[in-house]
Protein chains: 2
Amino acid sequence: MKNAPAREVPQPTIRRLPTYLHYLRDRAASGQAVVSTSAIAQHLGLEATQVRKDLGYTGVAGKPRVGYPLPLLIDAIEALLGWQRLSRACLVGVGHLGTSLLGYERFSHYGLHIVAAFDRDPRQHGRPCSGRTVWPMDRFAQIVRRDDIHIGIVTVPADAAQAVADLMVAAGIAAIWNFAPVTLRLPPGIIVQNEDLYASLALLSQRLVAHVTLQAQDDPHAPHPERGR
Amino acid sequence: MKNAPAREVPQPTIRRLPTYLHYLRDRAASGQAVVSTSAIAQHLGLEATQVRKDLGYTGVAGKPRVGYPLPLLIDAIEALLGWQRLSRACLVGVGHLGTSLLGYERFSHYGLHIVAAFDRDPRQHGRPCSGRTVWPMDRFAQIVRRDDIHIGIVTVPADAAQAVADLMVAAGIAAIWNFAPVTLRLPPGIIVQNEDLYASLALLSQRLVAHVTLQAQDDPHAPHPERGR
DNA sequence: TAGATTGTTAATCGATTAACAATC
DNA sequence: TAGATTGTTAATCGATTAACAATC
């Protein structure tokens, strides 16, 4: 039996898959049975060719003049992302950001189940947060093993993030979703996904400068855009 | 006088600039005067060539055998991103996520100054949140104009996001930083930066599946990685 | 001078887009 | 059949990486 060629899915495609999934589920919920790439493309502001190429990675066959079967497509995307079973995760740092993530019920539709929360602050301990008890840090390794947790979410301040990450690695966590603005030093083999707010802010800012500069060129006598209306 | 050729900075470069800035500021704070691309590259896990190409967009000249002058480089990156003056922003939706962002003091080093916060819930009104008063929505347009606000941050639930965005556009906001998991419909010319948590989660999940699949291939008799151990 | 480092040009790599044949 | 839509192959575009000359 030959191994499947493990066709490599490009990163940009992976990033688009959740958006497809959201749209496809919406269509399926409203009773539709098939969907065409042009419909998807139009709704999401993409090129139909790109959608077709992306959907090609699922291996689901579409019918010319009909489209793709919605249930198969949804299943295949979920399979590709490993979202058919929820991955068990824990969250460390029950500040505002952590609490906010604990409240995201939507995660359960996107493969993630946060089963435990931890915090350094004793005032948080025992208090349930969105239905989950907040544990002290010294229970970390035990609970991670007991509850079969594979993903760690870091929502502590920057200066505590590396120590938390080390703890996660020691406890056998396979992947870390890092919301702290630091580059974590991790042993090879540990998966890390950084949520870099500042990269995102940089893109916004830069487009804003470019925009303002352009306006100033259009009308050099206009009031400075950084000031008045 | 010829217009500057407005050399287009690639998006991936823009995304890396804040990380450079963070490192350069740290070096400058510890008294260093120059920095080499190899030092930057090693510290951030990048290729030196890439760093050199990125820094090329700043227009700052480095000296062979010496490196780049830190103060000039920092200024130039800030200029490129429009971070020499803080952009004035408002935030709508003072839930946990919104409160968390209001608490990010670091934003003031990354070009952003959140000067006002708004919420639909009357229980939030008047209450100061990280030093800012929370205003009711009906004051929105007035305060945006009064305080010369150009950026709107959307931290409301998905179903309220489009209405908030419409309000922002009507009030004359130029750019929207959207944390709600929806694609906003906006008139052309409005800058929008989506913070897509689910794209990020998809990347993490997919690497986790790939990882698990690989392990299973290595040792087909091992207990299923989603379960035991 | 010798050699490390810059900065530019060329090669490679990967993703998007275009073109078009296959097919229902 | 005619025509819309799939699915694949080729062309384009853009970013990264490699090579190397310039320079302090």
Side-chain angles (χ1 to χ4, degrees), chain A residues 5-17 19-20 23-24 27 32-73 76-77 80 196 199 202-203 206-207 210, chain B residues 5-17 19-20 23-24 27 32-73 76-77 80 196 199 202-203 206-207 210:
Chain A
R7 110 185 84 179
E8 192 67 32
V9 186
Q11 186 161 314
T13 299
I14 302 278
R15 294 184 64 92
R16 283 188 292 268
L17 289 180
T19 325
Y20 294 149
Y23 177 69
L24 298 175
R27 293 293 78 202
Q32 218 170 295
V34 292
V35 67
S36 75
T37 51
S38 52
I40 301 176
Q42 184 171 7
H43 192 265
L44 302 178
L46 301 170
E47 292 289 326
T49 306
Q50 181 168 69
V51 176
R52 231 171 294 138
K53 195 139 226 181
D54 285 342
L55 297 188
Y57 291 104
T58 63
V60 174
K63 275 207 182 73
R65 282 196 45 92
V66 179
Y68 293 80
L70 270 172
L72 286 184
L73 206 47
I77 292 178
L80 220 51
D196 46 358
L203 274 172
Q206 202 271 342
R207 282 190 283 158
Chain B
R7 107 184 88 179
E8 193 66 32
V9 185
Q11 188 163 312
T13 298
I14 303 278
R15 295 184 64 91
R16 283 188 291 269
L17 290 180
T19 325
Y20 294 149
Y23 177 68
L24 298 175
R27 294 294 78 202
Q32 219 170 294
V34 292
V35 67
S36 75
T37 51
S38 51
I40 300 175
Q42 184 171 6
H43 192 265
L44 303 178
L46 302 169
E47 292 289 328
T49 306
Q50 182 168 70
V51 177
R52 229 170 297 137
K53 196 139 225 181
D54 285 343
L55 297 188
Y57 290 103
T58 63
V60 174
K63 275 208 180 73
R65 284 197 43 92
V66 179
Y68 293 80
L70 269 172
L72 286 184
L73 206 47
I77 292 177
L80 221 50
D196 47 358
L203 274 172
Q206 201 271 342
R207 283 190 283 160

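We name chains A, B, ... by the order of the sequence lines, and we start the count at 1 in each one.
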Chemist: Once you round to the nearest 0.5 Å, how far does CD1 of I40(B) lie from CZ of R52(B)?
Modeler: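 Nearest 0.5 Å value for the CD1-CZ distance: 10.0 Å.
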
Chemist: On DNA chain C, which is the earliest and which the latest nucleotide, 5' to 3', with an atom closer than 4.0 Å to a heavy atom of chain B?
Modeler: dG3(C) to dA10(C)

Chemist: Under 4.5 Å between any side-chain heavy atoms of K53(A) and T49(A), yes or no?
Modeler: no

Chemist: Taking both distances under 3.5 Å as the test for a Watson-Crick or G-U pair, what stems of at least three pairs does DNA chain D have?
Modeler: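 Output for stems: C:3-24 with D:3-24.
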
Chemist: In Å, rounded to the nearest 0.5 Å, how long is the span from OG1 of T13(A) to CD of Q50(A)?
Modeler: 7.0 Å

Chemist: So do the side chains of Q206(B) and L80(A) get within less than 4.5 Å of each other, counting heavy atoms only?
Modeler: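 Result no, sub-4.5 Å side-chain heavy-atom pair not found.
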
Chemist: Roughly how far, to the nearest 0.5 Å, is CZ of R15(B) from CG of L203(A)?
Modeler: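 Here the interatomic distance stands at 5.5 Å.
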
Chemist: I'd like to know whether CD of Q42(A) has more than 12 heavy-atom contacts from other residues, nucleotides or ligands below 6.0 angstrom.
Modeler: no

Chemist: Given V51(B), which partner from the list L46(B), L44(B), V35(B) fulfils the side chain to side chain contact (heavy atoms under 4.5 Å, CB included) test?
Modeler: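 By the side chain to side chain contact (heavy atoms under 4.5 Å, CB included) criterion, V51(B) pairs with just one of L46(B), L44(B), V35(B): L46(B).
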
Chemist: To the nearest 0.5 Å, tell me how far R16(B) CZ sits from I77(B) CD1.
Modeler: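 The CZ atom of R16(B) sits 12.0 Å away from the CD1 atom of I77(B).
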
Chemist: When the nearest nucleotide of DNA chain C is assigned to R65(A) and to K63(B) on a heavy-atom basis, which residue is associated with the more 5' position?
Modeler: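 Of the two residues, K63(B) wins.
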
Chemist: Please step through side-chain contact (heavy atoms from CB on, under 4.5 Å) for the pair Y20(B) and L55(B), ending with a clear verdict.
Modeler: CA-CA 9 Å; Y20(B) 294 149; L55(B) 297 188; 4.2 Å; yes

Chemist: For V66(A) and V35(B), find the nucleotide of DNA chain C closest to each by heavy atoms; which residue's nucleotide sits nearer the 5' end?
Modeler: V35(B)

Chemist: Rounded to the nearest 0.5 Å, how far apart are CG of L24(B) and CG of L72(B)?
Modeler: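 Answer for the CG-CG pair, L24(B) versus L72(B), is 11.5 Å.
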
Chemist: Taking DNA chain D as the partner, which of residues 37-55 of chain B come within under 4.0 angstrom of it by heavy atom?
Modeler: E47(B), T49(B), Q50(B), K53(B)

